[in-house]
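Everything below concerns the one structure shown next.
Atoms considered below: every heavy atom in the structure, side chains included; atoms not considered: hydrogens, waters and symmetry mates.
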Amino acid sequence: MGAWAIAVHGGAGVDPNLPKERQEEAKRLLTRCLDIGISALRSNLSAIDVVELVVRELETDPLFNSGRGSALTENGKVEMEASIMDGPKRRCGAVSGLTTVKNPVSLARLVMEKSPHSYLAFSGAEEFAKKQGVEMVDNEYFITEDNVGMLKLAKEANSILFDYRIPAVGTCGASAAMDSPLQMNGLPISVYAPETVGCVVVDKQGRCAAATSTGGLMNKMSGRIGDSPLIGSGTYASELCGVSCTGEGEAIIRSTLAREVSAVMEYKRLKLHEAVDYVIKNKLDEGKAGLIAVSKDGEVACGFNTTGMFRGCATEDGFMEVGVW
């Protein structure tokens, strides 16, 4: 029997001007999710059960960009995506383009367990959800007043916005955001602050699992798919570790960031913390991202090259930490 560990994240790339009350709200949500995961682990739930349970909680709360509260496409709709992976046999499931599935992470797990495939998207994923009897809601359920305002701001700026909580137009923060020289795939963007959610767990049996869920980018093109549902990029779990990423999706995809952590542990024989540091420093090029990870030995680590990352972690020996910067 080994030692369990858990980590959660609510996105990398935090606005430096984010009000203190919103920071505290985020910390409370992350703490609640950790408490849910810790209780489940103490009850001997498996790692794959725990990551699904925790990410469902994150999808249900509108604070972060997943499930209810997801970023809006250029058409003012929500298109969600998620993935889940079970390390021992590297089983995985992923979904994209969801518009009416209340908890995308649970549909991703059903793809893994109840379909012959690993990835379903758009109308095919929605039809599969209906056949599986998962809870469905109108697209309006996912749309919040904050995100409607942020989509308006994005359209006025003629750009993609990565953080639905940046200051409104007319503030110093918003003015600076519009002048940002950051680029994605060589094209200018206005703000870099994505808000994907994720959870990684290793249970007492040393089984690792990971899950990631997101609404994507504010004002994104309809049909855009990011790193979150891509196994090896936004999510990965093996017999060695579990990893969930957040940040500039296109950079994470190019670097297959989550898989890289497991790969350098396997091939370079690095410990978890060493592997996370190596990948963040050497595999992102000019991209901005972060990740959380656990190892089969009960270690937990996080790394990011952004201004901050909403994150929390806990281990069986009593360690617990929640942070933003």
Side-chain angles (χ1 to χ4, degrees), residues 45-56 58-59 66-67 70 73 77-137 139 142 196-201 207-217 220-246 249-250 252-263 291:
L45 261 68
S46 66
I48 193 70
D49 288 334
V50 178
V51 295
E52 180 189 7
L53 181 68
V54 171
V55 172
R56 280 179 63 92
L58 289 163
E59 289 174 339
S66 67
S70 287
T73 70
K77 301 294 184 181
V78 166
E79 291 181 3
M80 300 166 291
E81 48 197 22
S83 62
I84 193 168
M85 190 165 185
D86 195 11
K89 294 186 178 179
R90 305 194 193 198
R91 299 184 307 148
C92 59
V95 288
S96 284
L98 301 182
T99 59
T100 63
V101 175
K102 188 174 181 181
N103 289 107
V105 70
S106 291
L107 186 62
R109 183 169 183 182
L110 287 170
V111 171
M112 177 179 75
E113 295 183 341
K114 301 295 184 180
S115 86
H117 306 302
S118 295
Y119 196 161
L120 293 176
F122 296 91
S123 61
E126 296 271 336
E127 186 62 30
F128 177 72
K130 292 175 184 176
K131 290 179 179 178
Q132 293 298 316
V134 304
E135 187 171 3
M136 315 282 280
V137 293
N139 197 254
F142 304 102
T196 298
V197 305
C199 180
V200 293
V201 167
R207 298 172 299 198
C208 298
T212 311
S213 181
T214 190
L217 311 179
K220 67 182 180 181
M221 295 174 63
S222 181
R224 182 262 185 183
I225 293 174
D227 67 284
S228 296
L230 299 185
I231 299 301
S233 292
T235 303
Y236 194 73
S238 66
E239 70 280 5
L240 294 176
C241 64
V243 184
S244 175
C245 299
T246 170
E250 278 65 15
I252 294 170
I253 292 169
R254 292 194 304 271
S255 61
T256 57
L257 198 66
R259 163 63 181 155
E260 282 292 303
V261 175
S262 182
L291 62 85

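- If you take CG on Asn139 and OG1 on Thr100, they are separated by 8.0 Å, rounding to the nearest 0.5 Å.
- Within 6.0 Å of atom CZ in Arg207, more than 12 heavy atoms from other residues, nucleotides or ligands are found, so the atom counts as buried in its surroundings.
- One finds the CG atom of Leu58 at 10.5 Å from the CG atom of Asn103 (value rounded to the nearest 0.5 Å).
- Closest approach of Val197 and Ser66 over heavy atoms only: CG2-OG, 3.3 Å.
- Nearest heavy-atom pair, Ala82 versus Glu59, reported as atom, atom and distance to 0.1 Å: CB-OE2, 4.5 Å.
- Within the 4.5 Å cutoff, no side-chain heavy atoms of Ser213 are placed close to those of Met80.
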Report task. Could you walk me through whether Met136 and Glu126 pass the side-chain contact (heavy atoms from CB on, under 4.5 Å) test, one step at a time? Result -> CA-CA 9 Å; Met136 315 282 280; Glu126 296 271 336; 3.7 Å; yes
Query raised in the report: side-chain contact (heavy atoms from CB on, under 4.5 Å) between Phe142 and Leu98: does it pass, once the steps are laid out?
Result: CA-CA 11 Å; Phe142 304 102; Leu98 301 182; over 6 Å; no
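- Listed by chain and residue number, Arg90, Tyr236, Leu240, Cys241, Ser262 satisfy the side-chain contact (heavy atoms from CB on, under 4.5 Å) test with Ser238 (two or more places apart in sequence, or in another chain).
- Closest approach of Gly234 and Ala258 over heavy atoms only: C-CB, 4.1 Å.
- Between the side chain of Glu81 and the backbone N or O of Ser228, no donor-acceptor pair lies under 3.5 Å.
- Counting heavy atoms from C-beta on, the side chains of Glu113 and Arg91 come closer than 4.5 Å.
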Query raised in the report: side-chain contact (heavy atoms from CB on, under 4.5 Å) between Val105 and Arg109: does it pass, once the steps are laid out?
Result: CA-CA 6 Å; Val105 70; Arg109 183 169 183 182; over 6 Å; no
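- Taking 4.5 Å as the limit, every side-chain heavy atom of Tyr119 sits out of range of all side-chain heavy atoms of Ser83.
- Note that the OG1 atom of Thr212 and the CD1 atom of Ile252 stand 9.0 Å from one another [nearest 0.5 Å].
- Of all heavy-atom pairs spanning Cys245 and Val243, the tightest one is SG-CG1, 4.1 Å.
- The line from NZ of Lys131 to OG of Ser115 is 11.5 Å long, rounded to the nearest 0.5 Å.
- Side-chain contact check for Ile225 versus Phe122: some heavy-atom pair is nearer than 4.5 Å.
- Considering every non-hydrogen atom in both Arg224 and Gly249, the closest pair reads NH2-CA, 4.0 Å.
- Ile48 CD1 to Ser46 OG: the interatomic distance, rounded to the nearest 0.5 Å, is 7.0 Å.
- Distance CD/Glu52 to CD1/Ile84: 5.5 Å, rounded to 0.5 Å.
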Report task. Could you walk me through whether Ser222 and Thr73 pass the side-chain hydrogen bond (donor to acceptor under 3.5 Å, both in side chains) test, one step at a time? Result -> CA-CA 6 Å; Ser222 181; Thr73 70; 5.4 Å; no
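- With hydrogens and angles disregarded, a donor-acceptor distance shorter than 3.5 Å links the side chain of Lys220 to the backbone of Glu79.
- Under the salt bridge (charged side-chain N to carboxylate O under 4.0 Å, His left out) criterion, no residue pair touches residues 227-238, with sequence neighbours excluded.
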